[in-house]
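Read the structure below first, then the notes.
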Amino acid sequence: MSHPQAAEPPAAPPPAADGLTPLLEGTVDCVRRETLAERVARGEPLRVKWGIDPSAPDIHLGHTVPMRLLRRWQRLGHRPVIIIGDVTARIGDPSGRSATRPQLTPAAVEANARTYLDQLFCVLEPAGVEVRRQSEWFEGFDLQQMLQLASAVTVAQLLQREDFAQRLREQRPIGLHELFYPLLQGYDSIATTADVELGGTDQLFNLLLGRELQAAAGQPPQVIVTVPLLVGLDGHRKMSKSLANAVGVQAPAAEQFGQLMSLPDEQIGPYLALVTDVAPERRRAILAGMAAGTLNPRDAKAEMARAVVTAFHGDAAARHAEAEFTQVHRAHQRPTALPVAAVLAGGPQDLRRLLVAAGLAGSLGEAARLVRQGGVRLDEVRVDDWRIPVAPSPGTVLQVGPRRFVELASADPAALAPGVERT
RNA sequence: GGGCGGGUACCGAAGUGGUCAAACGGGGCUGACUGUAGAUCAGCAGGCGUACGCCUACAGGGGUUCGAAUCCUCUCCCGCCCA
């Protein structure tokens, strides 16, 4: 990553003589704070733009950092203008990436865009939100308009962007289409007459370019507000679906809880600040407790995880997820509900084939390896030789590793043993 | 159009005729330990066959050779320099 952003909770903002604290608390940069202060002082409801590319099916926790800020503005009387980047998603935002992204097909983008609409309102309140798609204005864009847009900036200007500059330096490819990304995003601000645009700190370049394009189009340039980037579960890189370090807002409660528990301890503070509503005093108490050694980081992390899961699934589901987690990972017991695999033939079977059929191994070789390494259990009893066929009865629990469980059932539906619970 | 350097497993990257199913790092997985799916330590890691073995794989095609990721050739793709 070219510019890893420590997602430290930002320092307390300066005393808010201009009354902007409620709008800017927890943010990183604000470009043209004076402009913002004036307009807010006049009581103007502002059009606050935030864009998201439907480049993956799920919105994740990282997206919710700007979304939560947007919600705050919304509650203070401003209008969220959400841009679904159904055109830029086909380019793939190269921000902060060191490689060209694969381009998505329009159909894939469309499918993702649909799922986003629901997910947005996991955080935002629907009333008064303006949701727009880029295709509304780019569908009819002609070459003339494209060239005119492109003439507003220079190549040198675009190449200042750190990820482009870095790739150029390292002699790695930069697709010409990628240079258009900031232009398109900037044009969105013109099309929606944005007064303010929010984004992660990695978006600063794009956001600033939006100001220039607006000015060139005769519009007052938008105010820019950036928020810290949320570090992913690996504890180092920005949360991103493609880095497989993301927590989906629609993931099941148990999965979210477990993923959050795998977060490195140093990120507990940033997560509390960025993706929970835990009060600042409580946050400080938690961090102080960990520093003093009086609070087990595991418990602090569990509190954070519970707060996050509660926001998406409610209190009961969050408590249940925590209880299950404790049961499986601390007490090393099976979870209360298990997936059922109808794979039993009724006689002795090759354990490897059972594992593959139950979806616990990808190949016979992998299955053999899991058994050899001692990772396979039948009803809690380790089985370490796959060459001896096994004949488990329906209801037996097949386990791989510490956290993958499957309840075995007969492959023949007619022979389903009575009393076997199907889920 | 010319010159040069590249394309290796999920990712990055070694290897430049046999001992290569391919070093090393990351990611993944298993075990031990534990405060968790965290940290640390150990190990595993193409597919099929219950050892020996076979098949597929080092951008793609063709070739040389007893034998090729490695040599030749054509094609495709990427980067740099020159035009």
Side-chain angles (χ1 to χ4, degrees), chain A residues 1-2 4 97-102 164-178 231-237 239-247 251-271 286 289-290 293-306 308-309 321-335 348-356 359-377 382-390 398-405:
Chain A
M1 198 104 302
S2 55
R97 297 183 132 253
S98 50
T100 308
R101 280 192 149 184
F164 289 146
Q166 184 189 4
R167 279 196 268 167
L168 204 57
R169 240 184 282 125
E170 294 173 3
Q171 308 196 341
R172 280 180 305 164
I174 300 171
L176 181 57
H177 67 293
E178 294 181 84
V231 167
L233 294 172
D234 55 38
H236 300 290
R237 296 176 298 179
M239 181 172 283
S240 145
K241 177 87 174 182
S242 55
L243 294 174
N245 63 2
V247 179
E255 185 180 328
Q256 288 182 338
F257 193 91
Q259 288 179 322
L260 288 165
M261 288 304 286
S262 75
L263 188 74
D265 295 348
E266 315 79 68
Q267 290 298 325
I268 295 172
Y271 269 58
I286 290 171
M290 282 198 294
T294 55
L295 175 62
N296 187 330
R298 182 196 63 193
D299 298 326
K301 206 189 291 182
E303 182 171 342
M304 177 278 290
R306 201 186 323 122
V308 172
V309 175
E322 181 172 16
E324 285 285 316
F325 186 86
T326 304
Q327 181 171 331
V328 172
H329 297 290
R330 279 209 259 166
H332 299 293
Q333 291 165 359
R334 67 174 66 161
Q349 277 172 276
D350 185 328
L351 179 57
R352 295 173 310 161
R353 290 179 197 285
L354 218 46
L355 285 162
V356 172
L360 294 171
S363 67
L364 297 181
E366 185 188 348
R369 181 185 120 212
L370 289 168
V371 175
R372 186 173 357 106
Q373 295 185 137
V376 176
R377 290 162 199 264
R382 179 171 290 174
V383 183
D384 53 16
D385 188 353
W386 58 268
R387 286 170 298 190
I388 301 160
V390 293
L398 179 59
Q399 175 183 358
V400 170
R403 66 178 209 272
R404 293 155 70 205
F405 301 84

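Bear in mind the structure is a predicted one, so any value in this text is a computation, not a measurement. Below, chains carry the letters A, B, ... as their sequence lines are ordered, and counting in each starts from 1.
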Can you tell which of G35(B), A37(B), C29(B) lies closest to the side chain of L370(A)? C29(B)
Side chain to side chain donor-acceptor pair (under 3.5 Å) with E366(A): which residues, sequence neighbours excluded? none
At under 4.0 Å between heavy atoms, what does G365(A) touch on the DNA or RNA strands: base, sugar-phosphate, or nothing? sugar-phosphate
Rounding to an integer number of Å, can you tell me how far N296(A) CG sits from A39(B) P? 16 Å
Nearest whole Å is fine: how far is A39(B) P from L233(A) CG? 11 Å
Taking atom C1' in both A68(B) and C20(B), what distance in whole Å separates the two? 11 Å
Under 3.5 Å, is there an N or O donor on one side and an acceptor on the other linking the side chain of D234(A) and the base of G27(B)? no
Side-chain ion pair, R372(A) and D384(A), N-O less than 4.0 Å: no
Mind checking who U34(B) pairs with, Watson-Crick or G-U wobble, both distances under 3.5 Å? none
How many angstroms lie between OG in S363(A) and CZ in R369(A), if you round to the nearest 0.5 Å? 8.0 Å
Once you round to the nearest 0.5 Å, how far does CD of Q399(A) lie from NE2 of H332(A)? 10.5 Å
Would you tabulate the nitrogen or oxygen pairs shorter than 3.5 Å linking the protein to nucleotides 79-83 of chain B?
{"residue": "G79(B)", "atom": "O2'", "partner": "Q171(A)", "partner atom": "O", "Å": "3.0"}

Could you check whether P297(A) gets within reach of a base, just the sugar-phosphate, or nothing at all, counting any heavy atom under 4.0 Å? base
So which protein nitrogen or oxygen atoms get under 3.5 Å of nucleotides 41-43 of chain B's nitrogens or oxygens?
{"residue": "G43(B)", "atom": "N2", "partner": "Q373(A)", "partner atom": "OE1", "Å": "3.3"}

When rounded to the nearest Å, what value does the distance between P atoms of G79(B) and G12(B) take? 15 Å
Specify the separation, in whole Å, of atom CD of Q267(A) and atom C1' of G38(B). 12 Å
With nearest nucleotides of RNA chain B determined for V376(A) and Q259(A) from heavy-atom distances, which residue corresponds to the more 5′ nucleotide? V376(A)
Starting at CD of E366(A) and ending at C1' of A9(B), how long is that distance when rounded to a whole Å? 16 Å
What distance, rounded to whole Å, do you find between the two C1' atoms, one in C11(B) and one in G1(B)? 36 Å
For the atom pair CG (L364(A)) and CG (L355(A)), what is the distance rounded to the nearest 0.5 Å? 9.5 Å
In whole angstrom, give the distance that lies between atom CZ of F325(A) and atom C1' of G35(B). 10 Å
Tell me the partner of U16(B), counting only Watson-Crick (N1-N3 plus N6-O4 or O6-N4) or G-U wobble (N1-O2 and O6-N3) with both under 3.5 Å; none if nothing fits. none
Taking pairing as Watson-Crick or G-U wobble with both contacts under 3.5 Å, can you name the mate of U70(B), or confirm there isn't one? none
What distance separates L354(A) CG from Q349(A) CD, expressed to the nearest 0.5 Å? 5.0 Å
Looking at V400(A), L398(A), V328(A), which one forms a side-chain contact (heavy atoms from CB on, under 4.5 Å) with F405(A)? V328(A)
Can you pull every protein N or O that's under 3.5 Å from an N or O on nucleotides 49-52 of chain B?
{"residue": "G49(B)", "atom": "OP1", "partner": "R353(A)", "partner atom": "NH2", "Å": "2.6"}

Verify side chain to side chain contact (heavy atoms under 4.5 Å, CB included) between V356(A) and R352(A), making sure each step is shown before the conclusion. CA-CA 6 Å; V356(A) 172; R352(A) 295 173 310 161; 5.6 Å; no
P atoms of G63(B) and G27(B), separation to the nearest Å: 43 Å
Could you check which nucleotide pairs with C48(B) in any of the strands shown, counting Watson-Crick or G-U wobble with both distances under 3.5 Å? G53(B)
In whole Å, measure the gap between the C1' atoms of A37(B) and C29(B) for me. 12 Å
R372(A) CZ to A45(B) P, straight-line distance once rounded to whole Å: 6 Å
Would you kindly give the NE2-to-C1' distance between H332(A) and A37(B), to the nearest whole Å? 12 Å
Once you round to the nearest 0.5 Å, how far does CG of L260(A) lie from CZ of R306(A)? 12.5 Å
Rounding to an integer number of angstrom, what distance separates C76(B) and C66(B) when you compare their P atoms? 32 Å
For A59(B), the Watson-Crick or wobble counterpart (both distances under 3.5 Å): U75(B)
Roughly how far apart are R298(A) CZ and M290(A) CE, rounded to 0.5 Å? 13.5 Å
Across all strands, who's sitting opposite G25(B) as a Watson-Crick or G-U wobble pair, both distances under 3.5 Å? C11(B)
Can you check the R330(A) CZ to G38(B) P distance for me, whole Å? 15 Å
Determine the interatomic distance between C1' on G61(B) and the same-named atom on A9(B); round to the nearest Å. 22 Å
Does E303(A) have any side chain to side chain donor-acceptor pair (under 3.5 Å) partners at least two apart in sequence or in another chain, and if so, which? R282(A)
Side-chain N or O of R382(A) closer than 4.0 Å to phosphate OP1/OP2 of A32(B): yes
Any salt bridge linking R387(A) with D385(A)? Criterion: basic side-chain nitrogen under 4.0 Å from a carboxylate oxygen. yes
Qualifying residues under ring-ring contact (aromatic ring centres under 6.0 Å, His included), relative to F257(A), sequence neighbours excluded: F325(A)
Please report the shortest heavy-atom distance between L351(A) and V383(A), naming the atom on each side. CD2-CG1, 3.6 Å
Determine the Euclidean distance between corresponding P atoms of G2(B) and G47(B); express it in Å to zero decimal places. 45 Å
